[in-house]
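Encoded as structure tokens, the structure appears first; notes follow it.
As the structure is a computational prediction, the values presented were derived from the model and not from experiment.
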Amino acid sequence: MSNPTAEKPAGAPAPPPKPAKPGIGEALFKILTSPDDGDESKQILRRRRFVMASVLGFLGVNFVMFLRFFLPRTLFEPKTSFTIGYPSDFGFGVDTKFQNAHRIWVVRNTEGIFVISAICTHLGCTPDLEGERKQVQMPLPRQRLRS
């Protein structure tokens with residue numbers, strides 16, 4: 001068996017060194033300057049390919065924007081209308097069973113049934129009703145409002 005770390009015989013030619021890759025600046029300079037071979041037909045062909053690639057790229061981007069026009073831009077939000085039930089389902093006073101799901105309070109009194117939005121107009125939070133007098137308790141600034 002031969003030793004892989006052993007040196008090659010002195011008479012064997014060394015492999016030629018690999019040429020170094022040009023840097024970005026050198027590559028751009030080579031592309032943008034005229035070729036050394038002087039073949040004008042290759043230069044024209046290269047220019048045509050560049051122009052065609054630019055035109056096709058521009059048309060492709062515009063076609064994608066054209067197709068995007070036909071796709072809907074919708075927001076997926078919860079429904080704004082829903083059924084809360086029959087009037088007999090609610091007792092007199094304030095019912096808060098829809099407070100978490102739909103952010104409303106259902107109020108029944110001698111005049112009828114009406115619904116109050118439980119969304120704070122200041123910060124958009126949902127206040128709570130506390131105590132016998134049903135005071136509105138704001139969560140962040142901890143202010144109490146009487147209803």
Side-chain angles (χ1 to χ4, degrees), residues 1-6 14-147:
M1 270 191 151
S2 66
N3 187 356
T5 59
K18 293 182 181 179
K21 291 184 179 179
I24 294 175
E26 294 174 26
L28 287 175
F29 181 75
K30 189 174 182 181
I31 291 172
L32 296 175
T33 58
S34 62
D36 292 336
D37 59 0
D39 191 5
E40 203 169 312
S41 63
K42 287 184 180 180
Q43 187 176 7
I44 292 172
L45 185 62
R46 187 171 47 181
R47 287 180 185 168
R48 284 184 183 166
R49 284 185 191 160
F50 177 76
V51 169
M52 285 302 296
S54 300
V55 168
L56 290 176
F58 178 78
L59 291 176
V61 168
N62 282 321
F63 183 69
V64 169
M65 289 189 297
F66 173 74
L67 291 178
R68 176 91 171 108
F69 175 76
F70 294 106
L71 299 175
R73 293 183 186 101
T74 59
L75 296 176
F76 298 103
E77 296 178 352
K79 294 181 180 181
T80 56
S81 62
F82 52 90
T83 305
I84 61 171
Y86 295 104
S88 59
D89 295 342
F90 304 100
F92 283 96
V94 180
D95 191 354
T96 59
K97 68 180 175 182
F98 294 105
Q99 181 175 353
N100 291 335
H102 301 289
R103 296 174 77 172
I104 62 168
W105 296 318
V106 180
V107 180
R108 182 174 183 185
N109 59 13
T110 56
E111 297 175 11
I113 293 180
F114 55 96
V115 176
I116 299 174
S117 174
I119 300 172
C120 172
T121 58
H122 177 235
L123 296 174
C125 55
T126 305
D128 293 325
L129 290 175
E130 293 182 354
E132 290 181 18
R133 298 180 65 194
K134 296 293 184 185
Q135 289 183 340
V136 177
Q137 179 76 32
M138 302 300 286
L140 290 178
R142 283 304 195 205
Q143 299 173 352
R144 291 181 187 236
L145 306 172
R146 293 182 188 170
S147 59

Legend entry - Nearest non-hydrogen partners of F90 and I84, listed with the distance: CZ-O, 3.5 Å
Inset, instruction - Report yes or no: does N109 contribute a side-chain atom to a donor-acceptor pair with the main-chain N or O of G112 at less than 3.5 Å? - result: yes
Just how far is it from atom [atom1] of [X] to atom [atom2] of [Y], taken to the nearest 0.5 Å?
X	Y	atom1	atom2	value
E111	I113	CD	CD1	12.5 Å
M65	L67	CE	CG	11.0 Å
E40	L45	CD	CG	12.5 Å

Tell me whether the count of non-hydrogen atoms from other residues, nucleotides or ligands lying under 6.0 Å of [atom1] in [X] goes above 12.
X	atom1	answer
F69	CZ	no
F92	CZ	yes
F114	CZ	yes

Inset, instruction - Please state whether the rings of F98 and H102 are parallel, tilted or perpendicular, taking 30° and 60° as the class boundaries. - result: tilted
